[in-house]
2 protein chains.
Amino acid sequence: MPEYERLPQPATADIDLVTVLQALGDPVRMRLFTSYADGREHSCDPGHLGLDHLHKSTVSHHMRVMREAGLTTTRVAGRNRYVSLRRRDLDARFPGLLGALLASVSGDD
Amino acid sequence: MPEYERLPQPATADIDLVTVLQALGDPVRMRLFTSYADGREHSCDPGHLGLDHLHKSTVSHHMRVMREAGLTTTRVAGRNRYVSLRRRDLDARFPGLLGALLASVSGDD
DNA sequence: ACGTCTGTTTGACAATCATCCACCAATCCA
DNA sequence: TGGATTGGTGGATGATTGTCAAACAGACGT
């Protein structure tokens, strides 16, 4: 059994735009996305992100979708997983897209 | 019964980001989106957009999704419908987003 | 008026998806 | 070692979705 320091994720060149948009086309994942926009690492606890109403495994599912789409990276440390945005990779692959998305969701009121 | 010159579409202020991204999170609709990026009006004929493999009604369905998401506008003229991107409205609501998306899909090779 | 053309609507169907639940695995701590 | 913590896995389920086929509707042309 391999022990990951990072959970598996697509290479930068393999990140697909449609897949990324599909991942963001869900309210819960958009919420996670904007929470991750601070650039820091976040635990998987549903509570501290305003997702109390969702089951643990549901949040886990959404985080898997985002990771497999190439949006996030997950660092494994002990029993915790630290999720963060792949900002550098995404900016390299889709210049300006993340900025425009985050600006758009900010003005969405 | 009202006779539309335009098919019903959401007001600019009502365009929802997640709904837009969900609409673009499909290969067929992304294809339509990039085809519409020329700013011109397009008929609904599946053939002239490289969608021969899809049934008429399937294309009709995708165009409805895009229109209801606020991505496109449809002008009715006789038995034809002319679909075009709501570029001005989208740029007003989500500044920079369309440009970043179209730039991203261009470099997606 | 009749057939043709463009596009939509409705129904059906398989696939995917979001969610919950119960259980599990690994890690930490006392 | 034993319990608590963090998070994931697998199954079940109801909802949504992408697709096709057939029928329909309005507009045009002759």
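Proteins get letters first, then strands, A, B, ... in listed order; numbering begins at 1 in each.
Taking atom CG of residue Leu51(A) and atom P of nucleotide dG7(D), one finds them 13 Å apart after rounding to whole Å. Between the P atom of dT17(D) and the CG atom of Leu54(B) lies a distance of 18 Å, rounded to the nearest Å. Taking atom NE2 of residue His42(A) and atom P of nucleotide dT6(D), one finds them 17 Å apart after rounding to whole Å. The distance between atom NE2 of His55(B) and atom C1' of dG11(C), rounded to the nearest whole Å, is 13 Å. With rounding to whole Å, Arg81(A) atom CZ is found 14 Å from dC28(C) atom C1'. Rounded to an integer number of Å, the gap from NE2 of His53(B) to P of dG18(D) is 14 Å. Atom-to-atom, CD of Glu5(A) to P of dT27(C) comes out at 13 Å; the value is rounded to the nearest Å. Between the CG atom of Asp45(A) and the P atom of dT6(D) there is a distance of 7 Å, rounded to whole Å.
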Which pairs, protein N/O on one side and nucleotides 28-30 of chain D N/O on the other, fall under 3.5 Å?
none

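The side-chain contact (heavy atoms from CB on, under 4.5 Å) check on Ser57(A) picks up His55(A), with sequence neighbours excluded. For Ser104(B), there are no side-chain hydrogen bond (donor to acceptor under 3.5 Å, both in side chains) partners, not counting sequence neighbours. For Gln9(B), the side-chain contact (heavy atoms from CB on, under 4.5 Å) partners at least two apart in sequence or on another chain are Arg67(B), Thr73(B), Arg86(B). Residues meeting the side-chain contact (heavy atoms from CB on, under 4.5 Å) test with Val65(B), sequence neighbours left out: Ala23(B), Arg29(B), His61(B). Shown here are the side-chain hydrogen bond (donor to acceptor under 3.5 Å, both in side chains) partners of Asp14(B), two or more places apart in sequence or in another chain: there are none. Listed by chain and number, the residues in a side-chain contact (heavy atoms from CB on, under 4.5 Å) with Asn80(B) are Tyr82(B) (sequence neighbours excluded). With sequence neighbours left out, the side-chain hydrogen bond (donor to acceptor under 3.5 Å, both in side chains) criterion links Arg75(A) to Glu41(A). A search for ring pair (Phe, Tyr, Trp, His ring centres under 6.0 Å) contacts involving Phe33(A) returns nothing, not counting sequence neighbours.
In terms of heavy-atom proximity, Arg81(A) sits nearest to Val76(A) at CG-CG2, 4.1 Å.
The residues Arg93(A) and Asp89(A) are annotated as not salt-bridged, no charged nitrogen and carboxylate oxygen being separated by less than 4.0 angstrom.
In the region residues 16-33 of chain B, proximity to DNA chain D at under 4.0 angstrom, judged on heavy atoms, holds for Gln22(B), Asp26(B), Arg29(B). Taking a 4.0 Å limit (strictly below) on heavy-atom distances, residues 56-66 of chain B reaches DNA chain C at Lys56(B), Ser57(B), Ser60(B), Arg64(B).
Evaluation of the salt bridge (charged side-chain N to carboxylate O under 4.0 Å, His left out) test over residues 51-65 of chain B, restricted to residues two or more places apart or in two chains, returns Arg64(B)-Glu68(B).
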